[in-house]
Each structure stands twice: as C-alpha cells, then as structure tokens.
Q: 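This is the structure I want to talk about, given as structure tokens.
Protein chains get the first letters and strands the later ones, always in sequence-line order, with residue 1 at the start of each.
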Amino acid sequence: METPVSLIKGIVEEFLKEKGVEQTIPVPVQMTRDEFEGEVTIASFPLAKVFRNSPQAVAESIKEFIEVKHGNKVKKIEVKGGFVNISFDDSYWIEFIRRLSREDVFPIFPEKTETIVIEFSSPNTNKPQHLGHVRNNVLGWATAMLLQRTGTKNVIKVNLINDRGIHISKSMLAWLKWGNGITPEKAGKKGDHLIGDFYVMFEKEYKKQVDELIRQGVPKEEAMERAPLMQEARELLRKWEAGDPEVLRIWRMLNDWVLEGFDITYKRLGITFDHIDYESETYKLGKEIVQEGLDQGIFYKKEDGSVWVDLTDVGLDHKLLLRSDGTSVYITQDLGTIELRWNRYKMDLMIYVVAEEQEYHFKVLQAILKKLGRPYADKIYHLSYAMVDLPTGKMKSREGTVIDADDLLDELHQLAYEKIKGSPKTASLSEEEKHDLAEKIALGAIKFYMLRVDPKKRILFRKEEALDFEGYTGPFVQYTHARISSLWEKAGETVIDFQGGYEFNASERQLLKIIAFYGEILQEARRKYDPSALTNFLYRLAKEFNRYYANTPIVKEEDEDARKARLMLSKAVQQVLKDGSDVLGIPLPEKM
RNA sequence: GGGCUCGUAGCUCAACUGGAUAGAGCACGGGACUUCGGAUCCCGGGGUUGUGGGUUCGAAUCCCACCGAGCCCGCCA
C-alpha cells in the first residue's frame, strides 16, 4: 500500500531524475513539525549542494515540480527556509484512511528471503527469572516480531538453556545436602523458585566458609577455591561431565522442575520459541571444535593441560577454552551451539539478545570463529542491552536482592484487578473475564515499561512507576484502544465505506500525519534493533488521539459526512495501535 | 592500566541518527460544555543538553581533550 511518505520519497527521486541527477542522495523526508502547517516535510539541504544553489531555491523548485506533476494529491505546499511542507489533499487522506480502516495490515513490506535466528532469554537453571530476564524476554520477543513484521518471514526464535556448569552444581549440591528430598509439590512452590532457594543457601554457607578461611589468614582468592563447598561443587561438576549416572539422574530431575517453572512464566508473558537448545547437549560439540582447533595448531595447550587461544593479534587477550581438568567453560558450548545452528538453518544472521556485560565474550567468540575459518563468523550480531537497576543498586541473585518476575506480575495483576472491580465500564464482565483483563493490563504495564527505554540504556526500575497505569504507560495505550472500540460500538457500525468529501481540521491532520509515518518507524526500529522507537510512537499516537477526542465530537457529530470521516479516522488510529502493540507483544482489551 | 557504553527539566526518559524555537511522563500548582469512557484533556513554572575546544549553511547528535557514572578484560556464566 502506498503511503504518503513513500509517495513523497518517490516524487523526490522522480524530481532528481528529471533534473538529470544520477547519484542517489538520501533526502530527509520527515514528519512536519507541529508548529508548521503540513504533514510531510522535505529538507532540501542535501540537494542544495548538488544543484549548487540555495536550499530555498531548490525547495521552491521541488514545490513547483510537485504542483505540476502531482497537484491533485496536495492541498498546499509551503516553503519555509529549506523546508518544503506538504499538506495533502482531503480526498487523498479520505482514501488513505478508508483503506486503512478496512485492511488489517499496513504498511506491507516486501518479503525478504533471508533466515534470521534470534536467541533470547537463555536462563540458567539454578534460579527463577527476575526483572533482568523480563527485559531480555520482552526485548527479544519484540525484536523477533519486528523483524517478521518488516518482511523477514523466516525468523527463528531460539532459547538456550544454561543447564550445566558450576552454578548448577551449586544449587544441586545444596539440595543434596540440605534438601531432605523436598520437591516442588511438597514445598508448594514452583520448581524454579525452590531451586533458587537452594542456590541462595549455597552462597550463604559458602560465604561463611570463605570468611572463616580468610580469618585464618588465607588469601581471598585461595580461600574461595579452598572452601569445602566449592571443592564439593567442582567434584560434582566433574562427575556430571564424566557421566556419573546418579548425578545425572538428580540433575535431570532438578532441571525438569526448574524448566516446568519457566514454562509457566513464559506462557504468562506470551512468549514461545521455535527451538530450544540445551547447553548440556551442545557443549560436547564445542569440545570437539576445540580439539579441531588444537589439531590445526590454532589453539595451544599449557603444561597443566588447559587449552587456550591467543587473540592478541586482533587486539584481544588469551582466552581459556578448556580447564586443566578437561571440563568446558562457557564459551566452549557457544562454539558448539552456533555450529549446530549453522548446520540446521544456514542462517544469514544470528542475533544474540544478551546483556551488555557479555560484549567482550561475543567479540572473543567471533574472533575465534574467524580463526577457525567458519563461514558464519561474520553473521553474528550481539544485541546488547543494559541492566535493570533498582534505586537501591544492582540486583544480585546471590544476595537475594532481586525482583522476581512471577511476583511482580502477581502484584501488577492484583493492582489492576482492584481497579477493575469497582468500575462500571467492566461491570458486565464475569469474574474470569475480569482476571483475564487484569492480566492483560499487568502485561501491558510491565512490557511497555521495559520497552520504552532504548535497549542500550539502563533501566532504573522504580516500582511505584511501573505500577502506575497513567501517563506514559502501556495501560494508556490500551485505554485508548478500548475507547475507540467503545466509539464504534456506540455508533453501531462495523464497517464504514465513506468516499465523500470532508475537510480535515488541524488536529485531524495531526493524527493523519502521525499514522502516515508508521511504516518509517517500523523500519527505523528494525534498523536499530530498538523497539523503543515503536513504543514511543504508539504513545504519541494515543496521546494525540485522546487530545482529539476531548474536543471533537465523533459519534455525537450531527453532520453525517463528518461523523463517518471521523469514525474512519478513529478506526485507522486503532488499527495502527493494534498492529504496533502486536509487534511489542502488548495485548489490547476491547474494554477496560 | 586497557576496551566498550552513557551524561538532556527536581526525578525517569524522548528528540525521526546532522535539520526549523530541545519535547513527554512523574512530581508540584490551577482548571475541564452536567461527559461519544476522568486509566482522559487543558494551562503553568521549570534547560548554558557534564565542561572546554573543533568540523559546517546548521551540533544534544560527528571529532579531540578533560570530568563523572556503568560494564568488561575470570580455570564464573
């Protein structure tokens, strides 16, 4: 579907061609600023250089060109400085929203044949998910949807479960030592929460042992290694990697509990994966690849048996790939995992949604893959995002100062429910429907809160702000959507096919202007891997609609043409809100 | 010591990646036809965009230096 923006872009190209300009110049086509009349603006500055003329003169000449060639589509063109401000003709806008209010999808992007694999979530199975995971989950999901929405059909969402390693041994050891065979059923809590308790327990006892050793005069580093609990955990890891049947049996059982817990959380968040990889299954291939590199002399072995790679030639350091006792480290499995994925998908791009603290890790990974001559070495992209902090400082699972994902959702749900309970707007809903609605609002609130900030910036999580349903929030967008639904219900219409004449006023043009740029925003968000661009846009649109609503009669309007045009416009706004919210994973209720 | 990221209103964030007079929310103060949904709308105060240079028609945005914050450079993941 042609949009006003794509139309203008086309016209600029046409203009350049006619003027005999061969090179393609990126000409900024932007939303007209609120203080000027018009919807779409061309900034002629970059062209001024090419034509060796003043921006004004070029702007005038563009104006003239449009008036002559496309005069029927524009109502008014104003040149201000080097800017060309274009107001589209009313009939053009009518046709635009007529189609938009009837079609489900706008705009349509050309289909891309590439395959993109996106890994996100990637939890450790020794503790429940917290706020940091929520950011990851929500960001990963929205990015995947964004890629899909903008034309990439083959987006494969994968999760990598970190189900092995020393941290897993720690919680397992604690359960073995102090658990007395307790299960999630007996404890009456989700498996991930139960295992998380044991992880914290381990860290507590371990810290005691380390402190005791330090008191005895042992240096800190040595104390951390010599503490009996650490020794035991390492022994457990060795047994696990050696395939000890009893250790594997317990490990499998505990992991299943945790994964069952995760499933509940994912389901709640509305997140699914196309494939799940388990580190416990990929690390072996990683070890083989390390051996391969060793055989080829790309890696080297120290006297103690540990295996390393020298990356100093590319500005990095020496990196350990296998411990002296032969067990693998974090990066070992990553080598195996991507090899498996390459064999499976031959992807064009592999996106890792992983926190910023691992930026170095991914540089190292890429450098190693290059040394190994892997064809996919240049296809990896680390979508790095910053941490979620609390006003009191960093969240630390080991110290138990985290905001638990499940608990937070419960709290949001409860708060939303309280609000719904007494509201006349939702009085007709059954108890179950009220809880469904409360859940949607809870999800809308937290997802919007996580997505409204640039991924590269840290989020300062202030609970009272996240629990707020007013202002720049998810529920605000949901509310706007519900309001429009209510309008149409009141109007008693399902489809309006109005093609007559109507003159849009300034605030209506304001709305049209924003809607017209929806496609640009989607593309921008995709280019930057940044859903916050879309989140901001949806808020702005909702805000503008509420403003419009407050001082313009729609259903109440007595002039039949105006009423129809306004209802269509409302519908168009709703369509965009809906489409964008779908991308973000934010559910929109019909009433709230 | 080295590398990466970030400093914008009291607080939390925007600013279409170099474009017009830097905008929202929260908080604070005042208000909204007896209401098409008040989870809304309007008005108000609030800024030397960390500091100092540079690049050009034009800088919050690009370059350099400093100041400050975060993350990383583990036989943790």
Q: Both distances under 3.5 Å, Watson-Crick or G-U wobble: report the partner of B/G29, or none.
A: B/C43
Q: Considering only heavy atoms and no angle criterion, is a donor-acceptor pair shorter than 3.5 Å present between the side chain of A/Lys457 and the base of B/U5?
A: no
Q: Would one find a side-chain N or O of A/Arg547 under 4.0 angstrom from OP1 or OP2 of B/C42?
A: yes
Q: Measuring from the side chain of A/Asn162 (C-beta onward, heavy atoms only), which nucleotide among B/U12, B/A77, B/C71 has the closest atom?
A: B/A77
Q: Name the pairing partner of B/A24, where a pair is Watson-Crick or G-U wobble with both distances under 3.5 Å, or state none.
A: B/U12
Q: In whole angstroms, how far is the C1' atom of B/A20 from the CG atom of A/Asp34?
A: 12 Å
Q: Both distances under 3.5 Å, Watson-Crick or G-U wobble: report the partner of B/A65, or none.
A: B/U51
Q: Do A/Asn551 side-chain and B/A32 base share a donor-acceptor contact under 3.5 Å?
A: no
Q: Distance check, P atoms only: B/C66 and B/G46, in whole angstrom units.
A: 37 Å
Q: Measuring from the side chain of A/Glu35 (C-beta onward, heavy atoms only), which nucleotide among B/C76, B/U21, B/A39 has the closest atom?
A: B/U21
Q: What residue among A/Arg566, A/Lys564, A/Lys490 forms salt bridge (charged side-chain N to carboxylate O under 4.0 Å, His left out) with A/Glu557?
A: A/Arg566
Q: Go through A/Glu119 and A/Ser122 one step at a time and tell me if the side-chain hydrogen bond (donor to acceptor under 3.5 Å, both in side chains) criterion holds.
A: CA-CA 7 Å; A/Glu119 175 194 304; A/Ser122 311; 2.9 Å; yes
Q: Using only modelled atom types and a 3.5 angstrom limit, is any donor from either the side chain of A/Thr41 or the base of B/A20 paired with an acceptor on the other?
A: yes
Q: Can you tell me how far C1' of B/C76 sits from CE of A/Met224, to the nearest Å?
A: 9 Å
Q: Under 4.0 Å between a side-chain nitrogen and a carboxylate oxygen: does that hold for A/Asp389 and A/Arg458?
A: yes
Q: For the aromatic rings, using the six-membered ring if either is Trp, is the centroid distance between A/Tyr518 and A/Phe537 under 6.0 Å?
A: yes
Q: Determine which nucleotide pairs with B/U17, using a 3.5 Å limit on both distances of a Watson-Crick or G-U wobble pair.
A: none
Q: Once you round it to whole Å, what is the distance between P of B/C75 and CD of A/Glu222?
A: 17 Å
Q: Is it the case that B/U17 (base atoms only) and A/Arg527 (side chain only) share a donor and an acceptor within less than 3.5 Å, ignoring hydrogens and angles?
A: yes
Q: With a non-hydrogen cut-off below 4.0 angstrom, is A/Ile166 in contact with a base, only sugar-phosphate, or nothing?
A: sugar-phosphate
Q: Would you tell me if any nitrogen or oxygen in the side chain of A/Lys543 comes within less than 4.0 Å of OP1 or OP2 on B/C42?
A: yes
Q: Between the main-chain N or O of A/Ala57 and the side-chain N or O of A/Ser54, is there a donor-acceptor pair closer than 3.5 Å?
A: yes
